[in-house]
Number of protein chains: 2
Amino acid sequence: MTRFQRDGYHSVRIEDLAEDAEVSVGTVYNYYGTKGDLLMATVALEVEEVLAAGEAILLAPPAEPQEALLGLIWQYYDHSLEYLSKEMWRAAMALSIEEPHTPNGRRYADLDGRLADQVARLVARLQSRGRVAPDLDHRAMGELIFNTLNAMFIEFVKDDGMTLDTLKARVAAQIRPLARLMEAPA
Amino acid sequence: MTRFQRDGYHSVRIEDLAEDAEVSVGTVYNYYGTKGDLLMATVALEVEEVLAAGEAILLAPPAEPQEALLGLIWQYYDHSLEYLSKEMWRAAMALSIEEPHTPNGRRYADLDGRLADQVARLVARLQSRGRVAPDLDHRAMGELIFNTLNAMFIEFVKDDGMTLDTLKARVAAQIRPLARLMEAPA
DNA sequence: CTTCAAATCTGAGCCTATTCAACTCTTTCT
DNA sequence: AGAAAGAGTTGAATAGGCTCAGATTTGAAG
């Protein structure tokens, strides 16, 4: 993980890792089936932590729908570069799209699904508090919001120059009007 | 393009294409810089046609926002497997994420941007007709809608078993409530 | 201490995208 | 015709992920 972050996922060869660990290439493959497994292990670490932090927010979300949604999303974003560089994220995303049937592809999709579900549960929570229109399907809205925050995150990792602040501003520009539309009539 | 569709993008080696064309491997590379160039040429062909068809819809969209939006989206989807298999789409998407700085990555991003812009212009069109709330930012809504239809399309190409009808049903489930929220008050 | 099977480890070799220096063919100029 | 520049072609060589038939180590049993 450290070498991937420091030297770049693609630049680091399996042979390099084997040397670091003072074993042979074959032994690396004895523990991780593919180079992508090493990457996905890091992604899973990262997302699991973010999901746990998200649950804490779900317990006591801000009353305002907009603030609650953006709070959860900022949580995701602020943590996102802890273990993974943008290049690593790109590689992981590419992997999950190109090989959806492999264990790694499924694993990434599963993590995505759990994030989308968490957003949906936040929407449901806000509905139960009467701040979001009760006739909205919280699953559909959760998916819609997740799709948006995910798409913007993809744009973020695709652009090495983009800052977290820019990402947040862009997402806010899309989530704010949506949150307003979702609000229960007073 | 034909061989990629028939035998699979990954299974087809450059050497195979060279044999088909009765030239050497080096000559293939003289015309297309990478294997991805061959793929992206097909993606561009596909998307350009869909954009042109979309312009026709923009000229005279259905009055109902929901119908107008879904009509445009179905247009995109129905054309999507004309030249590209799901596997080819996956490879192209993976390429665009993993190598955003290469000409191919930029090219794909550009096509995506033009699709998003077309959706935004449809929203603006519906606003000028008074069927969509005028205070909504048509750019933000266009991007929001594009992000959704694109995310669902990615899910579609990731799952070889999913049919176009299932894709449409899922997108409709998200776009319908959104279209309702966007409607101008009567 | 010896034996043997299971668990680990090893690295040469395979595969395919990509590169590039040498070669051939075409066109232009004298 | 001869020559030189330019355009196009070639395929052997390179790189890095991954495989697999042995070789080595471990640990339980006698």
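Since we're looking at a predicted model, the values are computed, not measured. Letters A, B, ... mirror the listed sequences (proteins, then strands); counts begin at 1.
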Query raised in the report: For A:Tyr32, which contact category applies under a 4.0 Å heavy-atom criterion: base, sugar-phosphate, or nothing?
Result: nothing
Requested in this report: Send over the distance from B:Tyr31 OH to C:dA17 C1', rounded to a whole Å.
Outcome: 20 Å
Report task. Scan B:Val28 against the nucleic acid and name what it touches under 4.0 Å (heavy atoms): base, sugar-phosphate only, or nothing. Result -> nothing
Query raised in the report: Where the side chain of B:Tyr29 is defined as all heavy atoms beyond and including C-beta, which of C:dT18, D:dT9, C:dT10 is the nearest nucleotide?
Result: C:dT18
Requested in this report: Answer with yes or no whether the side chains of A:Tyr83 and A:Glu49 bring together a donor and an acceptor at under 3.5 Å.
Outcome: yes
Report summary line: To the nearest angstrom, the CG-P distance between A:Asp7 and D:dG16 comes to 13 Å
Query raised in the report: Do the side-chain N or O atoms of A:Thr27 get closer than 4.0 angstrom to the phosphate oxygens (OP1, OP2) of C:dT8?
Result: no
Query - Side-chain N or O of A:Ser24 closer than 4.0 Å to phosphate OP1/OP2 of C:dC9 - result: no
Report summary line: note: A:Glu15, atom CD; D:dC18, atom P; distance rounded to Å ~ 14 Å
Query raised in the report: Are OP1 or OP2 of C:dC9 and a side-chain N or O of A:Asn30 less than 4.0 angstrom apart?
Result: yes
Report task. Scan side-chain atoms only and decide if B:Thr34 and B:Asp37 contain a donor-acceptor pair under the 3.5 Å cut-off. Result -> yes
Report task. Report the nucleotide, chosen from C:dT10, D:dC18, C:dT18, that has the shortest atom-to-atom distance to any side-chain atom of B:Thr34. Result -> C:dT18
Query raised in the report: Rounded to whole angstrom units, what separation is found between the CD1 atom of B:Ile14 and the P atom of D:dA15?
Result: 20 Å
Query raised in the report: Roughly, in whole Å, what's the span from NE2 in B:His10 to P in D:dC18?
Result: 12 Å
Report task. Nearest whole angstrom, please: distance from the C1' of D:dG17 to the CG of A:Leu39. Result -> 14 Å
Query raised in the report: When clusters are formed by joining ILVMFWY residues with side-chain heavy atoms under 4.5 Å apart, either directly or through shared neighbours, do A:Phe153 and A:Ile97 land in the same one?
Result: yes
Query raised in the report: Just checking, is any N or O donor in the side chain of A:Tyr76 or A:Gln118 under 3.5 Å from an acceptor N or O on the other one?
Result: yes
Query - Separation of atom CG in B:Leu17 from atom P in C:dT16, rounded to whole Å - result: 13 Å
Query raised in the report: Heavy-atom count around B:Arg121 CZ within 6.0 Å, excluding the residue itself: above 12?
Result: yes
Report summary line: In whole angstroms, the gap separating P of C:dC14 from CZ of B:Arg13 amounts to 15 Å
